[in-house]
Number of protein chains: 2
Amino acid sequence: MVLISEDNIATSQAIAAELKENILAGKYQPGARLVQDELAEEFRASRSPIREALRMLEADGLVTIKSHSGAWITELDFAEFEELYQIRERVEPLMLRLSIPHLTTKLIKELEATLEKLNEATTVQQFLKLDREFHLLTYEGAATSYLGDIVQRMWNTTQPYRRRYSQILEREHFTSAHLEHTLLMNAIKRADLDDAERILFGHIRRTRLELKDIKE
Amino acid sequence: MVLISEDNIATSQAIAAELKENILAGKYQPGARLVQDELAEEFRASRSPIREALRMLEADGLVTIKSHSGAWITELDFAEFEELYQIRERVEPLMLRLSIPHLTTKLIKELEATLEKLNEATTVQQFLKLDREFHLLTYEGAATSYLGDIVQRMWNTTQPYRRRYSQILEREHFTSAHLEHTLLMNAIKRADLDDAERILFGHIRRTRLELKDIKE
DNA sequence: TTAGGTTCGATTGCATCCAATCACAACAAA
DNA sequence: TTTGTTGTGATTGGATGCAATCGAACCTAA
């Protein structure tokens, strides 16, 4: 009798998962080449599951495949980065709206704990990690099948760039973020859907514009 | 000297493209099983490119793969269908906004021609085909790298269901659509971004709600 | 009858080998 | 120099064979 249906994961999926971790952790630079043979050796597998894993990561937006040529860590120019933020502005408020009514008290406590740690973060590293954790937690209540994928994908592909750009952000940015996070938390606790949407929209939009300023 | 860089397409890509056409044309019912061996025979290829093609279609949302089990034409329950429409409401107005400023006069003429044909459509088949054509054309000016994929993906996966549900829509629905399309066309010609966004949002939303009514 | 276990055919997943393609360097011609 | 051509090594793409896995029918025992 099997209690937990462990869904016998294929090795291609395991490889994809591990590669994904590595990429998100910043092991590879955007634009870095991924050679099938090298990966095969690294993961002690043949090239077949590697190829499949690369296709999966392509679907996640982490890797870009060019036929007969190779695979690279996805690289964004600033226009693409900006585009992704514009999509986030539209899409994440919807996800938040769908999530809030189903947030359990346990999740809300978790959220508050994360927010507290986020406010005490001293390094940019910590800030980014906890910021991601906080926002994705606010979406936890949304039982979606597509929206969640889209949102995750955008957080994934923009990850290396958030890291890169955040280094040069002014202190002001972080205090604004801090205030907005607190407002968002309150709106969530009040279950005020419209207000929460509006705050989140503004939060993402402001970040986009500040990053754009840096670029110019 | 090669003038058109024909980007030597791998057979896996060709297979993916053809399969995609078939699926969108309704050759397979949602939920239909896709067996690798059968497809391999049909396309006179081995299973390797078939597997890759299936992964690509999975990324397009057209196919759902379950490990060690098989691939099926993606099937949506009504909740998922509704979710996709809610995403469309948020995302397509953005795409329209990014598109309008770059629409050439040639494209606008094409749009008007399509709209005219759309208004004269007599069968549901024709209506669906031209409706898709019209809307996707309005986005043609947007030079996006991600948004376009997302939007296309949603039109793709909901295609069989639009076909199914449209059969039972009231005449009223089509007259509303007709009016909204005309308003949209005018807003586009005026390059009135806000108005265009609003009309499109309402258009998608109304469709979603009418389809929901049918279901109940 | 029904719940649980077992077997077996069908199908997917992976490894290996060979073919196709590309990128780059070396060379030739203007 | 610059442009075009040709070869060659590295790498990806595809075919094939075998192993792993699933699920459904069949059996067994209560």
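This is a predicted model, so every value here is computed, not measured. Throughout, protein chains are lettered first and strands after them, A, B, ... in sequence-line order, and every chain is numbered starting at 1.
- Both B:Glu38 and A:Arg44 lie close to DNA chain C; mapped to their nearest nucleotides by heavy-atom distance, the more 5′-ward contact belongs to B:Glu38.
- Between the NE2 atom of B:His68 and the C1' atom of C:dA10 there is a distance of 15 Å, rounded to whole Å.
- Side-chain atoms of B:Ser99 never come within 3.5 Å of backbone atoms of B:Met95 as a donor-acceptor pair (strictly under, hydrogens ignored).
- For the pair A:Ser12 and C:dC14, the criterion of a side-chain N or O lying under 4.0 Å from OP1 or OP2 is met.
- The distance from atom CD of A:Glu58 to atom P of D:dG13 is 10 Å, rounded to the nearest whole Å.
- As a whole-Å value, the separation of B:Gln13 CD from D:dT12 C1' is 12 Å.
- Among the nucleotides D:dG13, C:dA15, D:dT21, the one closest to any side-chain atom of A:Pro49 is C:dA15.
- Put simply, CZ on B:Arg55 is 15 Å from P on D:dG13, counting in whole angstrom units.
- Considering only side-chain N and O atoms, B:Ser46 lies under 4.0 angstrom from the phosphate OP1 or OP2 of D:dA15.
- Spacing between atom CD of B:Gln36 and atom P of D:dG14 amounts to 14 Å, rounded to whole angstrom units.
- Note on B:Glu58 versus B:Arg55: salt bridge recorded, some NZ/NE/NH1/NH2 to OD/OE distance being below 4.0 Å.
- Checked by atom type and distance alone, the side chain of B:Tyr161 pairs as donor or acceptor with a backbone atom of B:Leu76 at under 3.5 Å.
- Taking every side-chain heavy atom of B:Ser48 into account, D:dA15 is the closest of D:dT11, D:dA15, D:dT21.
- Of the candidates C:dT12, D:dG13, C:dC14, the closest approach to any side-chain atom of A:Thr11 belongs to C:dC14.
- A:Leu34 comes within contact range of the sugar-phosphate backbone alone, with a heavy-atom separation under 4.0 Å but no base atom that close.
- Rounded to whole angstrom, the span from the NZ atom of B:Lys66 across to the C1' atom of D:dC22 amounts to 9 Å.
- Nearest nucleotide to the side chain of B:Ala10, out of C:dA23, D:dG13, C:dG13: D:dG13.
- What separates CD of A:Glu41 from C1' of C:dA15 is a distance of 15 Å, to the nearest Å.
- Distance A:Asp37 CG to D:dT11 P: 7 Å, rounded to the nearest Å.
- Under 3.5 Å, the side chain of A:Arg47 and the base of D:dG13 form at least one donor-acceptor pair of N or O atoms.
- Aromatic ring orientation, B:His135 versus B:His203: parallel (interplanar angle below 30°, classes split at 30° and 60°).
- For A:Ser69, whose side chain is taken as the heavy atoms from C-beta onward, the closest listed nucleotide among D:dG14, C:dA23, C:dT12 is C:dA23.
- Comment: A:Glu197 engages A:Arg97 in a salt bridge, judged by a side-chain N to carboxylate O separation of less than 4.0 angstrom.
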